[in-house]
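Notes follow the structure.
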Amino acid sequence: LRNTSLAATSVSASAGASASVPAAALAAPAPATPVHRDFVDRFKDAAIAAAEASGIPAKIILGQAALESGWGKHEVRDSKGTGSFNLFGIKAGAGWTGATVDAITTEVGNGVAQKVVQKFRANAAYADSCTHYPKLVRNDPTHNKACPPAEHPRPFAPPLARPSRP
């Protein structure tokens, strides 16, 4: 993460829509723009701390945060525009007991996209978002295959590319 282009590599890896990620997507990092560098600089410490606690590489955590938030431009916000410190768009499931924010999102059911209001987790800080993401991934039956310890993000990317719901 010291080299911002490394974070862009994991975004390419986790952004695939299919179960397999092309090797080329993992091989060559995208050029880092000022927006990318600013995002990495802003959130790398939280991603590194979450990686040390979870065993999921910081590149994957940061890459997924970049993907889900549009490099920090699309944080989950309530109807008044108040931010939620939720970089990953994590919904407030039945087991969530913390603060929530209601936000409009697009859900696809039976092949039809619809705008609906959903409850999302509201965090006290971005570091909380980076801490919650690895826990969610470890507990999700589809994504927990991405969690075995590895020194390189490549083994983590394909399971993260799969949708968590049928």
Side-chain angles (χ1 to χ4, degrees), residues 1 7-19 21 35-36 38-109 113-150 153 155-166:
L1 287 176
T9 301
S10 62
V11 174
S12 297
S14 61
S18 66
V21 176
V35 170
H36 299 152
D38 290 346
F39 184 88
V40 171
D41 289 345
R42 187 171 180 195
F43 300 114
K44 70 181 174 185
D45 292 338
I48 289 169
E52 289 171 353
S54 68
I56 295 175
K59 291 177 187 179
I60 289 293
I61 295 168
L62 200 56
Q64 193 71 28
L67 174 70
E68 296 288 348
S69 70
W71 293 96
K73 294 178 186 174
H74 306 291
E75 175 186 343
V76 176
R77 296 185 179 278
D78 67 15
S79 61
K80 297 176 185 173
T82 304
S84 64
F85 298 100
N86 185 340
L87 292 172
F88 298 91
I90 299 173
K91 291 182 182 164
W96 178 249
T97 58
T100 63
V101 61
D102 291 337
I104 297 172
T105 187
T106 302
E107 297 292 333
V108 178
Q114 296 180 354
K115 298 280 187 187
V116 296
V117 175
Q118 294 279 329
K119 287 196 178 300
F120 290 84
R121 293 181 184 189
N123 301 302
Y126 290 116
D128 296 335
S129 188
C130 289
T131 299
H132 295 162
Y133 172 72
K135 291 177 183 176
L136 180 73
V137 170
R138 286 199 180 280
N139 292 323
D140 180 80
T142 301
H143 294 131
N144 66 11
K145 295 173 186 76
C147 294
F156 290 78
L160 292 175
R162 294 184 193 112
S164 60
R165 296 186 189 136

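Taking all atoms of both residues into account, the shortest heavy-atom contact from A47 to A58 is O-CB, 3.7 Å. The minimum heavy-atom distance between G89 and V76, with the atom names listed, is CA-CG2, 3.9 Å. Of all heavy-atom pairs spanning A51 and P57, the tightest one is CB-C, 4.0 Å. Closest approach of A92 and W96 over heavy atoms only: CB-CD1, 3.5 Å.
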Would V101 and F85 count as a side-chain contact (heavy atoms from CB on, under 4.5 Å) if you check the C-alpha gap in whole Å, the side-chain angles of each, and the deciding distance to 0.1 Å? CA-CA 10 Å; V101 61; F85 298 100; over 6 Å; no
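For F39, the ring-ring contact (aromatic ring centres under 6.0 Å, His included) partners two or more places apart in sequence, or in a different chain, are F43, W71. N123 meets the side-chain hydrogen bond (donor to acceptor under 3.5 Å, both in side chains) test with H132; sequence neighbours excluded. Applying the salt bridge (Lys or Arg N to Asp or Glu O under 4.0 Å) test to R77 and every residue at least two apart in sequence or in another chain returns E75. For the side chain to side chain contact (heavy atoms under 4.5 Å, CB included) test, no residue two or more places apart in sequence or in another chain qualifies with A94. Residues satisfying the salt bridge (Lys or Arg N to Asp or Glu O under 4.0 Å) criterion with E68, sequence neighbours excluded, are absent altogether.
Residue pairs meeting the salt bridge (charged side-chain N to carboxylate O under 4.0 Å, His left out) criterion with at least one partner in residues 113-132, sequence neighbours excluded, are D102-K119.
A heavy-atom distance below 4.5 Å is found between the side chains of F120 and T105. Between V137 and S54 the shortest side-chain heavy-atom distance does not fall below 4.5 Å.
Here the OH-CG distance, from Y133 to N86, works out to 12.5 Å after rounding to the nearest 0.5 Å. Considering SG of C130 and CG of L62, their distance stands at 7.0 Å, rounded to 0.5 Å.
When atom types are taken as modelled, the side chain of S129 and the backbone of L87 share a donor-acceptor pair closer than 3.5 angstrom. With T82 contributing its side chain and D78 its backbone, the two residues share no donor-acceptor pair below 3.5 Å.
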